[in-house]
Amino acid sequence: MTRRRVKRGTLLAVALGCVAAGAVIAAAEQRPPDAGKPAGAAVRDLTAQEKNRLYQAEQLLLRTCMREHGFEYRPVLQNPVPQAREFPYVVDDVAWARKHGYGSDIQREMARVRETDVNQRYFRSLPPDRRAQALRAANGQDPNGVTARTLDGMVLRRSTEGCQSAADRVLYGDLAAWFQAEVTQDSLPEVRHKRVMADPAFGRAVTQWARCMRAAGHPYADPAQLREEALPGPGEPALAQGQEIRLAVAEARCAADSGLARTAHALDRTYTIRLRHQYRSELDAAQRLQRGALPRADEVIDDTR
């Protein structure tokens with residue numbers, strides 16, 4: 001039920017049917033917007049509306065740049081399948097589970113969206129040489145331009161060329177700084193999830209959940225085992241819809257009855273605060289870059305009206 005979030009910096013590459021190479025960032029010299037708050041206070045994230053402005057401006061910049069290179073690109077929706085949900089610890093929404101089970105219907109809808117996406121269709125229609133040119137226009141020729149390190153130590157690289165990097169420069173100024181900031185933000189949830197699941201309180205709650213599931217006729221030690229043993233893998237026949245929904249509903253009910261959902265949410269909040277304190281300077285740098293980009297995003301959006 002979990003999936004690694006696609007970085008905004010890779011959206012153009014995904015739309016063109018390829019894998020992108022990277023991201024960047026350098027801290028601004030201005031006073032941090034959260035300076036003066038007590039240590040450990042959560043770094044204020046951008047609002048949904050502010051994030052949407054940045055995303056919309058990025059898409060418009062990508063469209064302009066790709067057209068300048070002789071290719072078509074149409075802005076894509078930020079969330080084309082809004083009913084999609086992430087359950088990093090356990091399915092804990094009975095109403096959602098009753099409607100979607102484990103989300104196989106949503107996965108099919110996502111596949112349909114990818115298959116019918118206008119940018120995908122356009123890219124597939126190009127002859128091989130033009131397709132290669134489009135990828136270079138989007139992502140640059142050499143992926144070894146700037147590097148960034150995730151919070152768990154993985155090194156990522158991306159080109160300093162191409163329309164994605166050009167759009168990021170317009171919005172954020174310092175490509176290397178933005179790449180590092182974006183990678184830091186994007187790797188934070190995975191680190192948090194690992195720490196939550198390693199917490200003894202989470203383990204005790206999982207034991208209670210497993211007892212509840214056994215009583216319901218589903219003998220799984222934890223949600224991960226359930227997914228590995230009960231849910232089909234890629235290329236395997238899907239579960240019957242009724243079977244999928246019954247299993248997901250049982251998981252969600254036991255998440256509530258055992259206290260696992262409550263414990264997971266409480267631990268998630270706790271480790272959110274701890275990690276924001278631990279990586280405060282990095283997250284403040286990312287927030288400053290994004291807030292600084294908002295006026296430029298508004299200019300891009302206004303210029304297209």
Ignoring hydrogens, what is the shortest heavy-atom contact between [X] and [Y]? Give both atom names and the distance.
{"X": "G292", "Y": "P295", "value": "O-CD, 3.3 Å"}
{"X": "Q78", "Y": "N52", "value": "OE1-OD1, 3.6 Å"}
{"X": "A57", "Y": "V300", "value": "O-CG1, 3.8 Å"}
{"X": "Y89", "Y": "M197", "value": "CD2-CG, 3.8 Å"}
{"X": "L275", "Y": "L283", "value": "O-CD1, 4.4 Å"}
{"X": "L126", "Y": "R131", "value": "O-NH2, 2.9 Å"}

With the threshold set at 4.0 Å, does a side-chain nitrogen-carboxylate oxygen contact exist between [X] and [Y]?
{"X": "E251", "Y": "R227", "result": "yes"}
{"X": "R280", "Y": "D284", "result": "yes"}
{"X": "D45", "Y": "K51", "result": "yes"}

Inset, instruction - State whether a side-chain donor-acceptor pair under 3.5 Å links H193 with D268. - result: no
Would a distance-only check, ignoring hydrogens and angles, find a side-chain to backbone donor-acceptor pair under 3.5 Å from [X] to [Y]?
{"X": "S159", "Y": "D142", "value": "yes"}
{"X": "R192", "Y": "T272", "value": "no"}
{"X": "R98", "Y": "A248", "value": "no"}
{"X": "S125", "Y": "Y122", "value": "yes"}
{"X": "S165", "Y": "G162", "value": "no"}
{"X": "R262", "Y": "A256", "value": "no"}
{"X": "T64", "Y": "L61", "value": "no"}
{"X": "R63", "Y": "P75", "value": "no"}
{"X": "W209", "Y": "G259", "value": "no"}
{"X": "Q180", "Y": "R149", "value": "yes"}

Would [X] and [Y] show up in the same hydrophobic cluster when neighbours are defined by side-chain heavy atoms closer than 4.5 Å?
{"X": "I106", "Y": "V94", "answer": "no"}
{"X": "L231", "Y": "V249", "answer": "no"}
{"X": "L151", "Y": "V155", "answer": "no"}
{"X": "V118", "Y": "M110", "answer": "no"}

Acceptor/donor pairs from residues 237-245 side chains to any protein atom, 3.5 angstrom cut, sequence neighbours excluded:
residue : atom : partner : partner atom : Å
E244    : OE1  : S104    : OG           : 2.6
E244    : OE2  : Y102    : N            : 2.7
E244    : OE2  : G103    : N            : 3.3
E244    : OE2  : S104    : N            : 3.3
E244    : OE2  : S104    : OG           : 3.1

So do the side chains of [X] and [Y] get within less than 4.5 Å of each other, counting heavy atoms only?
{"X": "R67", "Y": "Y73", "value": "no"}
{"X": "Q133", "Y": "R136", "value": "yes"}
{"X": "Q83", "Y": "V81", "value": "yes"}
{"X": "L267", "Y": "T263", "value": "yes"}
{"X": "T147", "Y": "L156", "value": "no"}
{"X": "F87", "Y": "D93", "value": "yes"}
{"X": "Q287", "Y": "Q185", "value": "yes"}
{"X": "L77", "Y": "Y55", "value": "no"}

Measure the [atom1]-[atom2] distance between [X] and [Y] for me, rounded to the nearest 0.5 Å.
{"X": "L46", "Y": "R53", "atom1": "CG", "atom2": "CZ", "value": "8.5 Å"}
{"X": "D92", "Y": "R85", "atom1": "CG", "atom2": "CZ", "value": "7.0 Å"}
{"X": "F202", "Y": "L260", "atom1": "CZ", "atom2": "CG", "value": "5.0 Å"}
{"X": "L54", "Y": "D298", "atom1": "CG", "atom2": "CG", "value": "8.5 Å"}
{"X": "L135", "Y": "F71", "atom1": "CG", "atom2": "CZ", "value": "9.0 Å"}
{"X": "M154", "Y": "T150", "atom1": "CE", "atom2": "OG1", "value": "5.5 Å"}

Extract all donor-acceptor atom pairs below 3.5 Å that involve side chains of residues 210-222 and protein atoms in other chains or at least two apart in sequence.
residue : atom : partner : partner atom : Å
R211    : NH1  : Q208    : OE1          : 2.9
D222    : OD1  : A224    : N            : 3.2
D222    : OD1  : Q225    : N            : 2.7

Legend entry - Non-neighbouring partners of E299 that pass side chain to side chain contact (heavy atoms under 4.5 Å, CB included), sequence neighbours left out: none
Inset, instruction - Verify side-chain contact (heavy atoms from CB on, under 4.5 Å) between D199 and Y271, making sure each step is shown before the conclusion. - result: CA-CA 10 Å; D199 192 289; Y271 283 103; 2.7 Å; yes
Legend entry - From CA spacing to verdict: side-chain contact (heavy atoms from CB on, under 4.5 Å), R169, T160: CA-CA 9 Å; R169 280 197 190 90; T160 57; 3.4 Å; yes
Inset, instruction - Inspect the surroundings of CD in E229 and state if more than 12 heavy atoms from other residues, nucleotides or ligands are less than 6.0 Å away. - result: yes
Inset, instruction - Can you establish whether the number of heavy atoms outside R74 located under 6.0 Å from its atom CZ is more than 12? - result: no
Inset, instruction - I would like to know whether R291 and E50 meet side-chain contact (heavy atoms from CB on, under 4.5 Å); could you show each step before the answer? - result: CA-CA 8 Å; R291 290 186 182 119; E50 289 170 334; 5.8 Å; no
Inset, instruction - Test R124 against E115 for salt bridge (charged side-chain N to carboxylate O under 4.0 Å, His left out), laying out the working first. - result: CA-CA 10 Å; R124 290 193 297 265; E115 184 63 26; 3.7 Å; yes
